[in-house]
Each structure stands twice: as C-alpha cells, then as structure tokens.
Q: 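This is the structure, below, for whatever I ask next.
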2 protein chains.
Amino acid sequence: MRRMTARPANAHQARLLKLLRDGGPNSRAQLGDQVDLSRSKLAVEVDRLLETGLVVADGLAASRGGRRSHNIRLAPELRFLGVDIGATSIDVAVTNAELEILGHITQPMEVREGPVAVFEQVLAMAAKLKASGLAEGFDGAGIGVPGPVRFPEGVPVAPPIMPGWDGFPVREALSQELGCPVMVDNDVNLMAMGEQHAGVARSVADFLCVKIGTGIGCGIVVGGGVHRGTTGSAGDIGHIQAVPDGRPCACGNRGCLEAHFSGAALARDALEAAQQGQSVELASRLEVNGTLTAVDVAAAAAAGDAVCLDLIREGGTRTGQVIAGLVSFFNPGLVVIGGGVTGLGHTLLAAIRTQVYRQSLPLATGNLPIVLGELGPTAGVIGAARLISDHLFSPA
Amino acid sequence: MRRMTARPANAHQARLLKLLRDGGPNSRAQLGDQVDLSRSKLAVEVDRLLETGLVVADGLAASRGGRRSHNIRLAPELRFLGVDIGATSIDVAVTNAELEILGHITQPMEVREGPVAVFEQVLAMAAKLKASGLAEGFDGAGIGVPGPVRFPEGVPVAPPIMPGWDGFPVREALSQELGCPVMVDNDVNLMAMGEQHAGVARSVADFLCVKIGTGIGCGIVVGGGVHRGTTGSAGDIGHIQAVPDGRPCACGNRGCLEAHFSGAALARDALEAAQQGQSVELASRLEVNGTLTAVDVAAAAAAGDAVCLDLIREGGTRTGQVIAGLVSFFNPGLVVIGGGVTGLGHTLLAAIRTQVYRQSLPLATGNLPIVLGELGPTAGVIGAARLISDHLFSPA
DNA sequence: GGTCCTTTGTCCTGTGAGTGGAAAAAGTCG
DNA sequence: CGACTTTTTCCACTCACAGGACAAAGGACC
C-alpha cells in the first residue's frame with residue numbers, strides 16, 4: 001500500500017498527534033480537555049488531520065453522561081521500525097503509530113563485523129517482519145547504535161567498540177534502503193526514551209538511565225528531552241575512573257568503570273574464578289559451554305554461588321560509586337538501571353542503592369528512586385520508534 | 001522617583017527587551033533584523049514598550065547609507081541589585097538595565113552568622129549604594145546563597161554551611177524590605193549566568209562552571225538554561241568522592257573533593273605545612289598574620305614556594321579527576337573555573353587541564369576549552385542581575 | 001414514551017494579530 | 001540639485017482563533 005507522507009502542518013496538529021500516540025484513541029472532547037484550544041479550532045485541526053490520513057475516525061466513545069462522541073485515532077496502518085544495535089546483538093521491532101510492539105526479533109550479531117554486514121542483517125530482519133504480514137512498508141525508522149552519534153546527521157563518530165563505523169552514513173543509507181525517514185541515536189539514549197515513553201520514567205522530567213551491557217552508558221534526560229552533549233558523547237560513563245590505578249582499560253587509562261564491571265568484565269572475572277577453581281558452579285558451566293558470559297554469572301548467582309554473588313555485589317558497589325557522583329552532580333528525580341545484565345537483578349540493584357544512598361547527600365537522595373528498567377530488551381526498540389515518531393510528528 | 005512596574009505584555013516584547021539588554025541601544029531597523037517580525041508589527045510593539053516607560057528613545061543612530069534611524073534603549077533609570085552571599089563575604093552591586101555594574105561593594109561576613117545578621121548587612125550595603133547616588137530605588141534584585149535553593153519559592157533547603165538558613169524565606173523577606181521583585185538562586189548558578197552573560201561563556205549552549213571557594217560547586221548550563229535538578233541541589237560536586245577512604249569530611253563521608261581541596265582545606269594544609277616547618281614562606285606569613293588562608297598559599301606559590309605549588313598542583317589534580325568524570329558524563333562545550341581561589345591561577349588551571357585531558361575520552365575533550373572565569377568577583381552579582389532581569393523581562 | 005438535563009459537534013460572526021505594499025520622511029553621494 | 005537608499009508610518013487585507021448560538025445525540029427519571 002501507499003505509505004503516509006503527510007506531516008503535521010502546525011504545532012497544534014503536532015500536539016494532537018503526540019497526544020494520540022501517547023494516550024491512544026481519544027474523542028474530540030477529551031482532546032479538547034488537554035490542548036486548551038477552542039472547540040471550533042480543535043474541530044478544524046482534527047478535520048485537517050483526517051484529510052491527511054494520519055488519523056482516522058474510530059467508532060463511538062463511551063458516553064460521559066451526554067451525547068456519545070466519535071473517537072479519533074492514529075491511522076492503524078502506520079508502521080514504525082525500531083532497530084537497536086547492541087554490541088553483540090540486534091533487536092528489530094515493528095510498532096504501530098501508538099508505539100505498541102507488533103513484532104520483535106532478536107538476533108546475535110557482533111557490531112564489530114562492520115556496518116555492511118550489520119546492515120544486511122538489519123534489512124533481512126526488517127524484511128522478515130514485513131513478510132510475516134505485520135507491515136507492508138515503514139513510515140519511519142529509528143535506529144540505535146552502541147556509540148556516540150552526531151545526531152543531526154545521524155552518523156557515528158569515533159565509536160570505540162564499532163570499528164569501521166566511524167563516519168558511516170547510517171541515517172542516509174538506511175533511509176535509502178527502507179524508503180522512509182530515519183533517525184539515528186545512541187542506544188542508551190533510546191533506552192532512556194523507551195522507559196520515558198512506556199516504562200518507569202513516565203512523567204519524570206529529569207532522570208538518568210544507566211545501561212549496563214557489554215559496556216556501560218548513561219542516558220540523560222533533562223526537562224523531558226535527551227541531553228546529547230556538544231559532540232554527542234554525553235552519558236559515556238564507562239570510562240569514568242572508578243578505581244584509582246585499577247585495571248587497564250581498552251581506552252588506554254586505568255581503573256575505568258567499564259574495566260571493572262560490565263558484561264565483558266564480568267565474563268572475564270567469571271572465567272578466572274572458574275579456572276582457579278573458586279566456583280564449582282562456574283567451572284561446570286564452563287565445561288558444558290566452553291565459554292562463560294554474564295548470563296552464566298547471573299544463573300550461578302541465582303543458584304546461590306557465593307563467588308558470583310560477590311562479583312555482582314562488588315560490581316554494583318563500583319557502579320554505585322560512579323552513580324553517586326552523578327547523582328550529586330545532576331540531582332535527578334529517578335535513576336533507572338537497565339541493559340543486558342539486568343538479569344543480575346536485585347542483588348545488583350541492592351548493591352548500587354546501598355552505595356548511592358551512602359555516598360550522596362541526603363538532599364539529593366532523599367526522594368530518589370533507583371529502579372530496574374521495566375521494559376527489558378524492548379526499551380531500545382520502543383525508544384527508537386519514539387525517536388522517529390517525535391521527528392515525524394513535528395511540523396516540517 | 002517612581003519605580004517601573006511594567007512587564008512585557010507578550011513574548012515579542014520580552015524578546016525585544018532581552019535584545020536591548022544584551023545588545024545595548026539599537027535602532028528599530030536593527031531590532032527588525034534580529035526578530036523576524038514585519039516592520040509594522042515591530043513598530044507597534046516598540047511603541048507599546050515606549051508607552052510603558054521600559055524603553056526610551058535615545059537619539060539618532062549612525063546612518064547605514066540612508067535615512068538615520070532613531071535609537072531605542074532600555075530606560076536608563078532602571079536599576080537592578082545583584083547580591084552574592086558567599087561563605088565568608090558579601091558582594092552587592094547596582095546595575096542598569098543592560099546589566100552594567102554601576103557600583104560594587106564587597107564586605108567580609110560569615111554566612112554562619114545567620115540570615116538576620118546577613119540581611120542587615122546586605123540592606124546596609126544596598127542603602128550605601130543608594131546613598132552614593134547610583135540608584136533611587138531598585139526595580140528588581142537577584143540574590144545568590146552558598147547552598148541549595150528551592151528555586152520557585154526562593155528558599156534555601158538544608159544548606160550544609162548555612163546553619164539557621166534552612167527554610168528562611170529569603171525571597172519573600174528581601175522583596176518585602178526592598179519593595180521590588182526578588183529571585184534567589186545558588187551562588188554557583190549565578191556565577192554561571194554571569195559568565196554566560198558577560199564573560200567567557202557567551203554563546204555557549206552547554207557548559208560547566210566550577211567554582212572553587214570555601215567549598216566547591218558547579219553550575220550546569222544545558223541548552224542555554226541553568227539546570228537546577230529535582231531538589232535544587234544539582235552541581236553539588238564538593239561531596240563527590242575524590243579519594244577512596246580519604247580524609248573525613250563534614251558531611252560524614254570520607255574522601256570528598258571538598259575535604260581535599262577547597263579554600264578551607266587549603267588553609268588547613270598550609271597551616272600544617274607551616275607548623276611542621278616544611279615551608280619557610282608560609283611559616284613567616286603565619287607568624288605575621290596569626291592565621292593562614294588560601295590567599296597566603298597563592299602569594300607563597302607566586303613567590304615560588306615549592307610546598308604551596310605542590311598543594312595547588314595536587315588539588316588541581318584531584319579537582320581535575322572529578323571534572324574529568326563530569327566531562328565524560330555531560331560532554332560540555334566549555335569548562336569555566338572560577339571562585340575565590342582563582343588567585344591560584346595558571347598553576348591550578350594547568351593541573352586541572354592535564355588531568356581532564358588525560359582522563360576523559362578524546363571525543364569529549366577534543367575541542368573542549370578549560371578556562372578561568374573572566375569576571376572574577378563580579379560574575380556572581382552580574383548573574384544575580386541577570387536572573388532578576390530574565391524574570392522581569394518575561395511575560396507576566 | 002415523555003421531559004429535562006448533559007454532552008458533543010457544527011456554524012457563524014467578531015476581534016485582534018500580523019503581513020506586505022505604498023508612500024512619506026530623512027539621509028547619502030555625486 | 002537629482003538619483004538612489006534606508007527608515008518609518010499608514011493602511012488595507014488576511015488569517016487564526018474565541019466564544020456564543022444552535023442542532024444533534026444520549027442518559028436519567030418519572
């Protein structure tokens with residue numbers, strides 16, 4: 001079918017589209033309660049939106065005591081593609097215009113293999129979703145990559161863990177292939193946007209979203225918007241020094257947080273513990289799989305393995321130290337912990353909490369929730385869909 | 001004389017007032033170049049502003065090749081009061097509507113003596129400035145205090161170094177006494193606003209302003225606006241851990257940056273060095289004055305005293321460590337160093353720079369200037385004037 | 001089913017913001 | 001002094017928007 005190409009003509013229409021996206025189908029009257037426009041003006045703008053095809057009528061709403069109103073909703077055929085490229089996996093999902101996930105595929109893939117191979121994979125996954133009948137085409141796509149991005153152009157800049165991606169025109173290329181608008185951002189920022197849209201961070205203006213995966217990053221939301229920094233590298237907390245003169249890090253320094261705690265570091269620690277015979281649980285897992293990952297540590301910890309619990313606790317403490325500093329500095333209203341190692345769950349969370357509450361001033365921590373992300377692996381793709389929808393639902 | 005009470009009636013007028021404040025007298029035509037309004041509309045709004053008395057005609061502008069235009073400027077009788085309450089001193093200044101300092105007084109005063117005593121002093125200083133003929137009254141006042149502030153209400157909250165100030169209605173009380181609108185903020189935020197308005201940070205959207213005085217704080221500017229955090233304590237970096245298991249700090253933790261480097265810590269270190277006979281220079285100064293402060297350290301360092309240079313260098317390194325973390329996290333476009341110990345000058349700056357450039361990733365530091373503040377002790381009062389002018393030059 | 005009230009949706013007119021052209025006013029330059 | 005610029009004022013026209021009037025549609029109660 002023909003894809004939608006219309007964009008809102010003014011700020012009012014943009015506002016209405018976002019309300020319908022975030023609040024689902026709504027009657028004109030309910031919309032009127034939220035936008036502070038006269039009924040006449042509202043009717044005009046809604047009619048225009050109906051003309052563009054971006055929104056459609058959707059039956060009658062329940063009565064609120066008088067005449068029943070006709071519901072309005074975003075066109076149900078609209079489709080967004082959300083892509084979350086992690087260090088070792090790719091997530092691709094299709095959503096409708098309300099950013100509900102209609103289909104979601106995950107595949108392991110090393111981002112190190114370079115943009116060409118990854119792109120091929122992403123396109124194959126998108127094609128698969130299309131083939132399964134979920135979409136006949138995409139009205140827009142958002143994509144997250146595990147490194148800094150020059151946001152306006154949608155191009156990765158000097159990404160440490162993505163050799164070959166520096167300067168690769170991700171936005172341009174994907175837009176070309178998919179035939180729709182594309183926006184690119186750091187994966188951590190997308191996770192933050194995902195949790196903001198549909199997760200724990202709804203209605204919080206200033207919060208931090210710490211993602212602990214292969215590396216560690218932090219999404220920063222200020223006044224409801226993502227802060228990307230001057231060069232797009234804001235939130236790159238993996239290389240903050242957590243241990244003076246600590247372990248050497250790939251970045252050339254010593255004691256970086258990421259060198260002491262992250263998916264990669266955890267796997268290395270686990271391997272060492274297994275080889276030195278400190279943990280029976282880990283050793284047997286090593287024997288079976290031939291390798292160890294953070295998942296093994298999580299499983300062993302869940303089974304009560306003391307070494308693994310210690311590893312997690314120590315990592316949580318290190319992470320908590322860094323977060324404590326950030327909390328003092330930024331004074332957020334919420335801290336969300338997410339990413340691959342959320343499987344470590346409450347042991348990790350408890351360690352982080354303890355450290356933050358101990359080390360930051362009471363005024364900053366007094367009413368500061370520190371919680372796990374609610375959306376798990378879907379946070380990134382929802383955030384990606386949100387990114388492109390924010391773009392498309394803004395006046396051209 | 002009668003004070004101005006008018007406020008801009010709409011966003012256009014607000015815009016024009018701010019242009020006149022930041023750019024000085026301007027012709028209608030020049031204003032037109034900047035605001036993207038039709039000539040007619042502009043003329044209407046300017047006329048209305050002239051009617052309110054907020055702006056006045058100011059002679060003819062130089063010709064740009066044709067008819068000479070009439071200049072417009074903010075009413076020259078407008079006066080703002082800028083108050084900067086530090087831990088150990090008070091600065092009060094009068095500015096005109098263009099935020100140029102017309103008079104400036106500094107007096108030593110311990111903020112510990114409580115709000116009543118400090119207020120008395122501030123009012124006396126304001127009266128002195130009035131008496132010297134610089135102002136017949138004030139159209140607005142901005143005031144900075146050395147601790148967290150609940151910004152909307154203008155009330156200090158749980159300020160560690162300001163016993164007796166917790167919950168004191170600073171805004172209310174000062175407004176009462178001066179008979180004009182008042183806004184209250186953290187002194188560090190005001191310093192940042194000052195440097196943004198008239199100092200090194202002009203035209204930088206995202207920057208950090210680190211103030212090293214009796215304590216250490218950091219003003220955070222995001223997208224041109226000050227970030228105050230959820231509880232008003234954003235930028236409180238003095239209690240970030242700089243040295244694991246380091247010196248005990250008044251806050252109850254160990255190793256806080258402030259415990260290792262700040263005006264207070266420096267004085268303590270100097271005293272110790274003098275008493276242990278490590279520095280002849282310091283010992284003789286101690287003998288003369290009976291006490292040592294950061295100023296003595298600065299002087300001794302300038303005279304080449306090795307112990308003092310070491311103290312400064314070590315402090316700079318510690319500070320640099322913390323700033324490096326913040327730079328990685330926030331990715332600012334500029335870092336400004338200011339506050340009382342700027343007397344330590346380039347020794348300090350060099351140490352901070354070295355550490356930041358060494359410890360942060362190249363992408364974040366690549367084009368990152370780290371500079372000393374340009375305004376010195378006037379940054380705070382200019383920022384205070386800017387705070388209230390921003391308030392008054394916004395639609396009611 | 002009838003009456004009264006509430007809510008929703010449409011129509012219409014008045015108002016005020018804002019645009020853009022024309023012309024007057026005030027200069028510069030040769 | 002005349003040709004050309006720039007600034008400023010004036011005016012007619014457009015458009016966005018508010019808000020009232022009214023019709024349509026439904027619920028509650030009798």
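Just so we're on the same page: letters track the sequence lines, and every chain starts at 1.
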Q: Determine, for B:F151 and B:R228, whether the Lys NZ or Arg CZ falls below 6.0 Å from the six-membered ring centre while staying within 45 degrees of the axis.
A: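 Yes, B:R228 and B:F151 form such a contact.
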Q: Are B:H197 and B:R21 packed together at the side-chain level, in the sense that at least one heavy-atom pair is separated by less than 4.5 angstrom?
A: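 Counting from C-beta outward, B:H197 and B:R21 do come under 4.5 Å.
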Q: Please write out each protein N/O paired with an N/O of nucleotides 25-30 of chain C under 3.5 Å, distance rounded to 0.1 Å.
A:
unit_1	atom_1	unit_2	atom_2	d
C:dA25	N3	B:R67	NH1	3.1
C:dA26	O4'	B:R67	NE	3.4

Q: Less than 4.0 Å between a side-chain N and a carboxylate O, is that true for B:K18 and B:D22?
A: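 No salt bridge links B:D22 with B:K18.
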Q: Across the strands shown, which category fits A:A29 at heavy-atom distances under 4.0 angstrom: base, sugar-phosphate, nothing?
A: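 Sugar-phosphate only.
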Q: What pairs with A:S40 under side-chain hydrogen bond (donor to acceptor under 3.5 Å, both in side chains), at least two apart in sequence or on another chain?
A: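 In terms of side-chain hydrogen bond (donor to acceptor under 3.5 Å, both in side chains), with neighbours along the sequence ignored, A:S40 is linked to A:S38.
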Q: Can you check the B:Q30 CD to D:dT8 C1' distance for me, whole Å?
A: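 Rounded to whole Å, this separation is 15 Å.
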Q: Give every pair of a protein N or O atom and an N or O atom of nucleotides 15-18 of chain D that lie under 3.5 Å apart, one pair per line with the distance.
A:
unit_1	atom_1	unit_2	atom_2	d
D:dC17	OP1	A:H12	NE2	2.9
D:dC17	OP2	A:K41	NZ	2.1
D:dA18	OP2	A:S38	N	3.0
D:dA18	OP2	A:S38	OG	2.8

Q: Enumerate all atom pairs, one protein N or O and one N or O from nucleotides 1-3 of chain D, separated by less than 3.5 Å.
A:
none

Q: Verify whether one side chain among B:Q30 and B:N71 offers a donor that lies under 3.5 Å from an acceptor in the other.
A: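 Per modelled atom types, B:Q30 and B:N71 side chains form no pair under 3.5 Å.
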Q: Is it true that the side chains of B:E77 and B:N96 contain a donor and an acceptor less than 3.5 Å apart?
A: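 Checked: B:E77/B:N96 side chains show no N/O donor-acceptor pair below 3.5 Å.
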Q: Please determine whether a side-chain nitrogen of the Lys or Arg among B:E51 and B:R48 lies less than 4.0 Å from a carboxylate oxygen of the Asp or Glu.
A: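 Judged by the 4.0 Å cut-off on N to carboxylate O distance, B:E51 and B:R48 do not form a salt bridge.
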Q: With distance as the sole criterion, is a donor-acceptor pair present between the side chains of A:N331 and B:T231 under 3.5 Å?
A: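 Their side chains do contain a donor-acceptor pair, which is all the 3.5 Å distance test asks for.
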Q: Using whole Å, report how far NE2 of B:H70 lies from P of D:dT7.
A: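 Nearest whole value for this atom pair: 12 Å.
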Q: Apply side-chain hydrogen bond (donor to acceptor under 3.5 Å, both in side chains) to B:D36 and list each qualifying residue two or more places apart in sequence or on a separate chain.
A: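 side-chain hydrogen bond (donor to acceptor under 3.5 Å, both in side chains) list for B:D36, sorted by chain: empty.
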Q: Go through the structure and list residues passing side-chain hydrogen bond (donor to acceptor under 3.5 Å, both in side chains) with B:E98, not counting sequence neighbours.
A: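 So B:E98 forms no side-chain hydrogen bond (donor to acceptor under 3.5 Å, both in side chains) with any residue.
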